[in-house]
Amino acid sequence: MNIQTLLNQRIQAAMVAAGAPESAPALTRQSAKVQFGDYQANGIMGVAKSLKMNPRELAQKVVDGLDLSDIAEKVEIAGPGFINIFLKNAWLGKELMALRQSERLDVPNVAAPETVVVDYSSPNLAKEMHVGHLRSTVIGDAVVRTLEFLGHRVVRQNHVGDWGTQFGMLLAYMERLRSESAEISMALSDLETFYRAAKGCFDEDEAFANRARELVVALQSGDKDCLALWDEFIDISLTHCEETYKMLGVSLERQHVMPESAYNDDLQNVVNELQEQGLLKEDQGAQCVFLEEFANKEGEITPIIVQKTGGGFLYSTTDLAAVRFRQHTLEADRVLYFVDARQSLHFQQIFTLSRKAGFVKPETQLEHMPFGTVMGSDGKPFKTRSGGVAKLSSLLEEAQERAYQLVSSKNPDMNEEELRNISRVVGIASVKYADLSKNRTSDYVFNWDTMLSFEGNTAPYLLYAYSRVASIVKRSEMDIASLTGEIQVEASQERALAMKLCQFEEAIQQVANDGMPHFLCAYLYELAGTFMTFYEACPILNAEEDVKNSRLQLALNTASTLQLGLSLLGIETLERM
RNA sequence: GCGCCUGUAGCUCAGUCGGAUAGAGCAUCCGCCUUCUAAGCGGACGGUCAGGGGUUCGAAUCCCUUCAGGCGCGCCA
């Protein structure tokens, strides 16, 4: 149930009835302050201006024609022409009961499901996943889960880098190990070390470097032995990724991998099509597209190179092929790219060219969902203590270890197995939540102490709030299903909680529209805080029977909302901590 | 040189596409455990929204400009 949408529709209709054009937005929002009610409509002033009317008079006309008597206690006009709406407690209680009886918290499936292709995670298989892959993976996964929950058809695309010159070096090193009859699978168990060793040989050994270049050519021309070696490498590297996904609780699986190499056979076709359309121009030996959209003031255009001198293709070519595949084979209505903000020019070029070349339908949405960099406390990109790039798997292990220190000091009597499980959930949740709760587009500072803190907008605080609710429910020893009595909204803390609970759908809608999970995080944090206040002020188990029944249902609603919300973020909950 | 992004409380961050008196958390200070988990709750302090112009009923938000920082810009991805 979406209060904002409901009110907005009703007010909009009343505005039209009062003489406003259909296109005039009611701009209904949650109120900024309690004295302005629960929701406020801000659209009157703008319309009044365009109609050359007195805004207060128009507001009065709108309110006269607006019947909210079933849901609102009071509707008033304030300031220059705001309409403030105060909802009825009884109505909130009734809505909450509907919410209780619905497995999906009364959030309907979208009326018109879209096919949404989501490109996220996309690590380079030459190396192990590092901290730089965290944001794309975690944010992309949260958006994917939210879109799916709303009823869209989501196609995950893990556009992994499995092609390119650095693979020649890696294959040459595999070959060398094999000739020395060394154990390759062991060497590949740590890809980071393997990569460095191969790079070392490449830089210092001329013969090795030449062999590496030969292997690139052999690989690209489809040499069988070479491909077999490459397959072996890719498989092991993908297995590493899958282990990290599993540890991280990310829904990506092998079936979602659509590697760069899969587009190889189509790259020449892409270039040919651009040629046929007269978009291609040879410049300094390379095949380029010059789009006037990317000209500077002097008229100089930054070209898109789609084929190198000598015939090789580039990532632009692959991305164009991917756009075509996503449109024609996957039948996307919307394609989301969770890729580093530094590539925004590249994507603008790809999107513009794709439209110009007819690779996508005009109505298909191509959206780059850029994200900022994870920084260290020094304000520079996050590194390990030794100064290297932090391996994601090591980072996640450290998170669990740090969580263990905290959890075990708070629960000295708890058994080891449960301690380990709690610290696993808390550790992983902390890392993910720290990332998800920040505005996607800005850089953020990675800080163990703040992300593992129980204070503020953190995973431990939310998990603690959830376990507190869970504990109440358990102690009540009531049959949850039999709790069907009325939910009474009376105390101010009950009202605040009831209102928050009714706003869940508004929060996830924002995540789906903008690809911004931090809206859901902010909502859940506010919900948890509102519950904590309610919990302190309103005794549940010791209350009179009907009050107890009502408050317990508020608690149950809180539990299911926290649990569902966190699950959409890809975060597990704990019954006890 | 050109382009994109960022600049909000001492620190870390929000700010619902122009709305009312700019909000949280940390830190600091003051309160609250014989009652459902004090890993909690309540309160206080804290702001030239980088600076300056402009647009209008109304600007942290839109436009121009200056300053500071980050990142991109033809054969890496």
Side-chain angles (χ1 to χ4, degrees), chain A residues 4 27 29-33 35-36 40 42-43 45-46 48-49 55 78-82 84 122 124 126 161 163-166 260 283-288 290 294-298 300-310 312-316 318-319 340-346 348 370 372-373 375 379-380 406-407 409-411 437-439 441-445 447 449-450 453-458 460-461 463-465 467-476 506-507 510 514 516 518-519 521-522 525-526 529 532-533 535-543 551 555 576-577:
Chain A
Q4 184 182 1
L27 301 177
R29 302 286 137 84
Q30 289 174 25
S31 292
K33 296 195 184 307
Q35 63 263 38
F36 303 147
Q40 60 182 72
N42 301 333
M45 284 86 78
K49 189 185 169 73
F82 295 101
N84 292 338
S122 307
N124 185 341
W163 206 249
T165 46
Q166 76 266 54
E260 288 177 351
D283 192 82
Q284 298 169 39
Q287 297 300 321
C288 305
F290 289 84
F294 299 97
N296 63 17
K297 284 171 195 159
E298 280 72 45
E300 298 157 338
I301 296 175
T302 306
I304 307 165
I305 303 179
V306 294
Q307 191 166 24
K308 295 193 272 192
T309 305
F313 301 106
L314 299 98
Y315 72 123
S316 298
T318 308
D319 277 333
D340 196 303
R342 283 173 293 194
Q343 292 195 37
S344 54
L345 174 62
H346 166 70
Q348 279 177 50
T373 309
M375 308 295 236
K380 294 180 188 149
L406 289 173
V407 175
S409 71
K410 293 288 180 189
N411 301 293
S437 59
K438 269 90 181 176
N439 185 314
T441 55
S442 48
D443 298 343
Y444 79 90
V445 177
N447 184 311
D449 294 332
T450 49
S453 166
F454 287 84
E455 290 160 347
N457 189 6
T458 66
Y461 178 80
L463 293 173
Y464 177 65
S467 70
R468 254 181 148 176
V469 193
S471 165
I472 289 267
V473 174
K474 194 176 169 195
R475 289 179 75 106
S476 75
E506 293 175 30
Q510 281 186 296
D514 305 337
M516 300 271 222
H518 82 282
F519 286 122
C521 295
Y525 175 57
E526 286 162 17
M532 291 288 201
T533 304
Y535 177 95
E536 298 282 337
C538 305
I540 301 171
L541 301 179
N542 301 330
R551 288 181 178 169
R576 201 161 79 111
M577 65 185 280

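Note that the coordinates shown come from a computational prediction; the quantities given were computed from them, not determined experimentally. Sequence lines set the chain letters: A, B, ... in the order given, protein chains first and strands last, and positions in each chain run from 1.
- Here the separation of rA68(B) from rG18(B), taken at their C1' atoms, is 27 Å to the nearest Å.
- One finds a side-chain N or O of Lys49(A) lying less than 4.0 angstrom from the OP1 or OP2 phosphate oxygen of rC57(B).
- Atom-to-atom, OH of Tyr444(A) to C1' of rG25(B) comes out at 17 Å; the value is rounded to the nearest Å.
- With rounding to the nearest 0.5 angstrom, the CG atom of Leu406(A) is 6.0 Å from the CZ atom of Phe454(A).
- Residue contacts shown for Ala78(A) include a base, since a base heavy atom lies under 4.0 Å away.
- One P atom belongs to rU56(B), the other to rC73(B), and the distance between them is 41 Å to the nearest Å.
- In this structure, Met45(A) reaches the bases: a heavy-atom distance under 4.0 Å links it to at least one base atom across the strands shown.
- The base of rA20(B) lies close enough to the side chain of Gln40(A) for a donor and an acceptor atom to sit less than 3.5 Å apart.
- Residues satisfying the side chain to side chain donor-acceptor pair (under 3.5 Å) test with Glu300(A), not counting sequence neighbours, are Asn296(A).
- Going from the C1' atom of rC30(B) to that of rC45(B) covers 11 Å, rounded to whole Å.
- Nearest nucleotide to the Phe519(A) side chain, out of rA20(B), rG15(B), rC13(B): rG15(B).
- In this structure, the aromatic ring of Phe36(A) is positioned over the six-membered ring of the base of rA20(B), centres within 5.5 Å and planes within 30°.
- Residues Gln348(A) and Ser453(A) each lie close to RNA chain B; by heavy-atom proximity, the contact nearer the 5' end of the strand is made by Gln348(A).
- Here CG of Asp340(A) is found 5.5 Å from OG1 of Thr373(A). Values are rounded to the nearest 0.5 Å.
- Glycosidic torsion of rG74(B) falls within 90° of 0, placing the base in syn.
- No contact: Asp319(A) has no heavy atom under 4.0 Å from any strand.
- Using a 4.0 Å heavy-atom cutoff across all strands shown, Lys438(A) reaches sugar-phosphate atoms only and no base atom.
- In this model, the phosphate group of rA14(B) is approached by a side-chain N or O of Ser442(A) to a distance below 4.0 Å at OP1 or OP2.
- Shown here are the side chain to side chain donor-acceptor pair (under 3.5 Å) partners of Glu506(A), two or more places apart in sequence or in another chain: Gln30(A), Tyr39(A).
- With rA20(B), rU35(B), rC41(B) as the candidates, the nucleotide lying closest to the side chain of Met532(A) is rC41(B).
- Rounded to a whole angstrom, the distance from the C1' atom of rG47(B) to that of rC4(B) is 29 Å.
- Atom CD in Glu536(A) sits roughly 10 Å away from atom P in rG40(B) (whole-Å rounding).
- One finds a side-chain N or O of Tyr461(A) lying less than 4.0 angstrom from the OP1 or OP2 phosphate oxygen of rC41(B).
- rC67(B) and rG7(B) make up a base pair, with Watson-Crick or G-U wobble contacts both under 3.5 Å.
- Using Watson-Crick or G-U wobble geometry with both donor-acceptor distances under 3.5 Å, rC45(B) finds no partner in any strand shown.
- For Gln4(A) and rU16(B), the CD to C1' distance is 7 Å, given to the nearest whole Å.
- Taking atom P in both rU16(B) and rG23(B), one finds a spacing of 13 Å when rounded to whole Å.
- At the heavy-atom level, Asn439(A) lies under 4.0 Å from the strands shown only through sugar-phosphate atoms.
- If you measure from atom CD of Glu526(A) to atom C1' of rU16(B), you get 11 Å, rounded to the nearest angstrom.
- Between rU65(B) and rG3(B), the two P atoms lie 10 Å apart (nearest whole Å).
- Closest contact between the side chain of Lys33(A) and the listed nucleotides rG25(B), rC13(B), rU21(B) involves rU21(B).
- When both pairing distances are held under 3.5 Å, rA59(B) makes no Watson-Crick or G-U pair with any nucleotide shown.
- Asn457(A) places its CG atom 18 Å from the P atom of rG23(B), with the value rounded to the nearest Å.
- Contacts of Asn84(A) with the nucleic acid, taken as non-hydrogen atoms under 4.0 Å apart, include base atoms.
- Partner assigned to rG72(B) is rC2(B), using Watson-Crick or G-U wobble distances below 3.5 angstrom.
- A syn base is found at rC33(B): its glycosidic angle is within 90° of 0.
- In a base pair of the Watson-Crick type (N1 to N3 plus N6-O4 or O6-N4) or a G-U wobble (N1-O2 and O6-N3), with each distance short of 3.5 Å, rG40(B) is matched with rC32(B).
- Every residue meeting the side chain to side chain contact (heavy atoms under 4.5 Å, CB included) condition with Asn84(A), not counting sequence neighbours, appears here in chain and number order: Phe36(A), Gln40(A), Glu76(A), Ala78(A), Phe82(A), Phe86(A).
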*Reading 5' to 3' through nucleotides 67-77 of chain B, protein heavy-atom contacts under 4.0 Å coded B for base, S for sugar-phosphate only, - for none*: ----S-SBBSB
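- Annotation: side chain of Pro55(A) is not in contact with side chain of Lys49(A) (no heavy-atom distance under 4.5 Å).
- Residue Cys521(A) is classed as having no contact, given no heavy-atom separation below 4.0 Å to the nucleic acid.
- Residue-to-nucleotide proximity on RNA chain B shows that, of Ser344(A) and Asn42(A), the 5′-proximal contact is made by Ser344(A).
- Counting non-hydrogen atoms under 4.0 angstrom, Thr318(A) reaches nothing in the nucleic acid.
- Rounded to an integer number of Å, the gap from CZ of Phe82(A) to C1' of rG58(B) is 8 Å.
- For rG40(B), the base is not stacked against the aromatic ring of Tyr535(A), per a cut-off of 5.5 Å between centres and 30° between planes.
- Between the side chain of Asp443(A) and the main chain of Gly372(A), no donor-acceptor pair closer than 3.5 Å is present.
- When the side chain to side chain donor-acceptor pair (under 3.5 Å) test is applied to Ser122(A), the partners found at least two apart in sequence or on another chain are Asp119(A).
- Ser476(A) places a side-chain N or O within 3.5 Å of a backbone atom of Val473(A) that can act as its donor or acceptor partner.
- The P atoms of rA60(B) and rC13(B) are separated by 23 Å, rounded to the nearest whole Å.
- No side-chain donor-acceptor contact under 3.5 Å links Ser437(A) to the backbone of Cys521(A).
- Every residue meeting the side chain to side chain donor-acceptor pair (under 3.5 Å) condition with Thr441(A), not counting sequence neighbours, appears here in chain and number order: Asn439(A).
- Atoms NE2 (His518(A)) and P (rG25(B)) sit 17 Å apart, rounded to a whole Å.
- Gln510(A) places its CD atom 14 Å from the P atom of rA14(B), with the value rounded to the nearest Å.
- The C1' atoms of rU6(B) and rA14(B) are separated by 16 Å, rounded to the nearest whole Å.
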